[in-house]
Amino acid sequence: MTEEKLSTFTAPKGTYDLLPPESATFLAIRERLSAPARRAGYGYIETPVFEDVKLFSRGVGESTDIVTKEMYNLTTKGGDELALRPEGTASVLRAALQANLHKQGNLPVKLWYSGSYYRYERAQKGRYRQFAQVGAEAIGAEDPALDAELIILADDAFRSLGLRDYRLLLNSLGDQRCRPAYRAALVAFLAGLDLDEETRRRAEINPLRVLDDKRESVQAQLGDAPKLRDHLCEECKAYDAKVRELLTANGVAFVDDPKLVRGLDYYTRTTFEFVHDGLGAQSAIGGGGRYDGLSEMIGGPALPSVGWALGVDRSYLALEAEGVALDLPAATSVYVVALGEEAKNVLFAKVVELRRAGVATDLAFGVKSIKNAMKSADRSGARFALIAGDRDLAEGVVQLKDLTTGEQTPVALAALVTTLKEKQL
Ligand code: HAM
C-alpha cells in the first residue's frame, strides 16, 4: 500500500474547521442571531441535512444557479436521489407540512433554525461550500406586519452583535397577478439585448434572474430595463407601502433596490437583503422574503409565508471587518495546580465541586514542574490560579493567586468554594 500523504489533514476545498478560541465566537453569533426570534415566539426546528432532490429543484427553482450548478446531489445505495440542503426554507416548509403544524393552531407557524448548508460554489473568502445559517420562517399568514416583524428581528440580531456598517436593501417582486405582465415586458426588453447563449436561455426560463447577473457586460445593458415597481398591482403596492411604513415607524432604515431579485425562485412580494460594507464581493450577511407560492409548488395547500436566513460565517467576517470583539465569558475562570499526590486528590475533588457550583474550572494534568503548570494557567485565560502542595493542605489552606495582579493569598480549604463564588466568576 502506498503511504498516504499528510494532505489528508486538509479540510475539503471551500470548507474550514472551527477551532477554539474562534469557535466560541461562532457559538455566540448563532446564539445572538437567533435570540430576537426566540423572544418573538419562534420555536426551534431541526430537519435532516439531506432531502429528496425534488424538494429543492421544485422549491428553490430549476433555473437557479443553486439547483443547476451548486447542489450536492447523491444517489444512495438504495437508489434514492437526494441532495445536501443548499438552504433551509424548503426543508422547514416540508417538515411543517409533514407534521401538519399548519392545522394545529393559530397561524402563522413560527419556526427558527440553525445549521450547516451546502453549495458547490467557487470558493473564496466569505463564500464557502459548507456554511452556517440561522433562519426564521413564519408560515401561513399574509400580513405586512409579519414581514416587518421578521425584518426588524434580523436587524435587531445584527445590532445585538455590535454590527453597524450594513444596509438593508428592500424590494417587492409582485405576485401571481402582476408579475406575469412585468415578466412579459422584461422578456421583450431582454430580447433586444446582446446576450450570450446561456443568459438568453436563462432569460426564457426566468427573466428576472438576468437582472441579478453580476457581470458588467450584462449590467451595462440593463439601465433601461422595465422596473417591477412600475408594474405592481394595487394590492402589492399597498402591501409594500405598509411594510415600509412599519419599518420606518420602528426605526429601521432601508434602501430601495428595484433590482433585488435574490438567487431563489420562490419569492413573491417582499424581498430583502442585508449587505455589509466591509466584506467586498460577498457582502450579503442575510436575506429573505415572502414566498406565498412555495407550499403549492411542493404539493401543499396555499400557505403564504415569509422568512429569512442570516449568514453566521459572514457575520463573523463582518465583526472582524468592523473590529468588534464579542464580550464572551471566560472559558476558564479558575486554574488549579496541585503539587504532590495527596494535594492532587484533594484538589481534584475541589475542581469537581467548583464546576458543580457553576465556576468554570480547569486543572493542570501531568504536572512536571510548577513553572510549566503556571504557564498553562496564564494561557488558559483564568482570573485565578489555585495552587497547593501537601504542606499547604496539612495546614488546611490553598494559595489563591490573582493572575492579573500577581497577588497571592492563602484561603481556607473549607471556605474555598464560597470565597470563589463571592468573586462572581
Ligand atoms: P440566501 O440569500 O441564499 O437565502 O442565504 C442567506 C445568507 O446565507 C446569505 O445572505 C449569506 O450570508 C449566507 N450564505 C449563502 N451562501 C453562502 C456561502 N456560500 N458561503 C457563506 N455564506 C453564505 C436563503 O438561503 C433563503 N433560504 C433565505 C430565506 C428564508 N428566504 C425565506 N426564508
Side-chain angles (χ1 to χ4, degrees), residues 13-16 26 29-30 33 37 42 45 47 51 55-56 59-61 64-67 69-72 84-94 96 108-139 146-147 149-151 153-154 157-158 161 163 166-169 171 173 212 260-276 279-295 297 303-319:
K13 189 168 177 192
T15 71
Y16 62 99
F26 256 76
I29 292 174
R30 283 178 188 260
L33 288 181
Y42 290 72
I45 181 168
T47 63
E51 297 271 358
L55 176 67
F56 302 120
V60 175
T64 60
D65 282 352
I66 294 181
V67 167
K69 301 185 187 155
E70 298 169 3
M71 208 140 69
Y72 282 88
L84 295 186
R85 59 186 184 191
E87 62 106 42
T89 310
S91 307
V92 166
L93 188 54
R94 195 268 311 134
V109 177
K110 289 174 155 192
L111 302 164
W112 77 273
Y113 51 95
S114 171
S116 297
Y117 297 84
Y118 306 86
R119 295 182 193 173
Y120 188 74
E121 297 205 68
R122 207 156 38 77
Q124 65 179 88
K125 188 166 184 195
R127 185 159 71 192
Y128 307 107
R129 290 179 175 176
Q130 171 172 313
F131 56 94
Q133 289 183 344
V134 166
E137 313 289 350
I139 297 167
L146 192 56
D147 305 41
E149 164 175 297
L150 275 156
I151 295 173
L153 292 175
F158 288 131
L161 288 178
L163 291 177
Y166 66 87
R167 285 164 296 135
L168 165 61
L169 309 180
N171 193 21
L173 291 182
D212 202 25
L260 181 74
V261 296
R262 315 242 319 113
L264 308 98
D265 277 353
Y266 48 60
Y267 292 112
T268 49
R269 294 194 167 172
T270 316
T271 52
F272 54 89
E273 210 156 80
F274 289 87
V275 293
H276 194 275
L279 293 188
Q282 306 308 314
S283 60
I285 51 174
R290 181 155 276 284
Y291 48 97
D292 292 343
L294 179 57
S295 174
M297 272 149 71
L303 280 174
S305 307
V306 53
W308 47 242
L310 314 181
V312 179
D313 314 73
R314 288 190 195 164
S315 295
Y316 182 93
L317 294 174
L319 285 173

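Keep in mind it's a predicted model, so treat the numbers as computed, not measured. Whatever order the structure lists them in is the order used to number ligands and atoms, beginning at 1.
- Heavy atoms of R129 found under 4.0 angstrom from ligand 1: none, in either backbone or side chain.
- With hydrogens left out, the protein atom closest to atom 33 (N) of ligand 1 is E137 OE1, 2.8 Å, a heavy atom.
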May I have the step-by-step check of salt bridge (charged side-chain N to carboxylate O under 4.0 Å, His left out) for E70 and R122, ending in yes or no? CA-CA 9 Å; E70 298 169 3; R122 207 156 38 77; over 6 Å; no
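- Scanning the protein heavy atoms around atom 18 (C) of ligand 1, the nearest turns out to be F131 CD2, 3.4 Å.
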With a 3.5 Å cut-off and sequence neighbours excluded, list the donor-acceptor pairs that the side chains of residues 283-290 form with protein atoms.
from	atom 1	to	atom 2	distance (Å)
R290	NE	D147	OD1	3.2
R290	NE	D147	OD2	2.9
R290	NE	Y239	OH	2.9
R290	NH1	A141	O	3.2
R290	NH1	D292	OD1	2.8
R290	NH2	A141	O	3.1
R290	NH2	D147	OD1	2.9
R290	NH2	Y239	OH	3.1

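- The R127 neighbourhood of ligand 1 comprises atoms 19 (N), 20 (N), with distances under 4.0 Å to a heavy atom of that residue.
- If you check the side chains of E137 and Y113, you find a donor sitting under 3.5 Å from an acceptor.
- Closest to atom 5 (O) of ligand 1 by heavy atom, among E87, K125, R290, Q133, is Q133.
- The salt bridge (Lys or Arg N to Asp or Glu O under 4.0 Å) check on R262 picks up E273, with sequence neighbours excluded.
- An N or O contact shorter than 3.5 Å links R119 to ligand 1 by distance.
- Considering only non-hydrogen protein atoms, atom 9 (C) of ligand 1 sits nearest to A284 O, 4.0 Å.
- Panel note: side chain R129, backbone Y118; no donor-acceptor pair is recorded below 3.5 Å.
- Below 3.5 Å of separation, one finds an N or O of Y267 facing an N or O of ligand 1.
- Summary of contacts: the protein heavy atom closest to atom 30 (C) of ligand 1 is T89 OG1, 2.9 Å.
- Within ligand 1, the atoms closer than 4.0 Å to a non-hydrogen atom of G311 are 12 (O), 13 (C), numbered from 1 in the order shown.
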**Message:** Please evaluate residues M71 and R119 with respect to the criterion side-chain contact (heavy atoms from CB on, under 4.5 Å), reporting the C-alpha separation (whole Å), side-chain torsions for both, the decisive distance (0.1 Å), and the verdict.
**Reply:** CA-CA 6 Å; M71 208 140 69; R119 295 182 193 173; over 6 Å; no
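- Under the 3.5 Å distance criterion, the side-chain polar atoms of E87 are matched with a main-chain donor or acceptor of T89.
- Protein heavy atom nearest atom 19 (N) of ligand 1, with residue, atom name and distance: E121 OE2, 2.7 Å.
- In this structure, Y266 counts as a contact residue of ligand 1, since one of its heavy atoms falls inside 4.0 Å of the ligand.
- Among all non-hydrogen protein atoms, the one lying nearest atom 1 (P) of ligand 1 is R262 NH2, 3.6 Å.
- At least one heavy atom of G126 sits under 4.0 Å from some atom of ligand 1.
- Given atom 32 (C) of ligand 1, the protein heavy atom at minimum distance is G307 O, 3.3 Å.
- For ligand 1 and I285, the ligand atoms under 4.0 Å from any heavy atom of the residue are 10 (O), 12 (O).
- Shortest contact from atom 20 (N) of ligand 1 to any protein heavy atom: Y128 N, 3.0 Å.
- Enclosure of atom OH in Y120 is not indicated, since only 12 or fewer non-hydrogen atoms of other residues, nucleotides or ligands lie within 6.0 angstrom.
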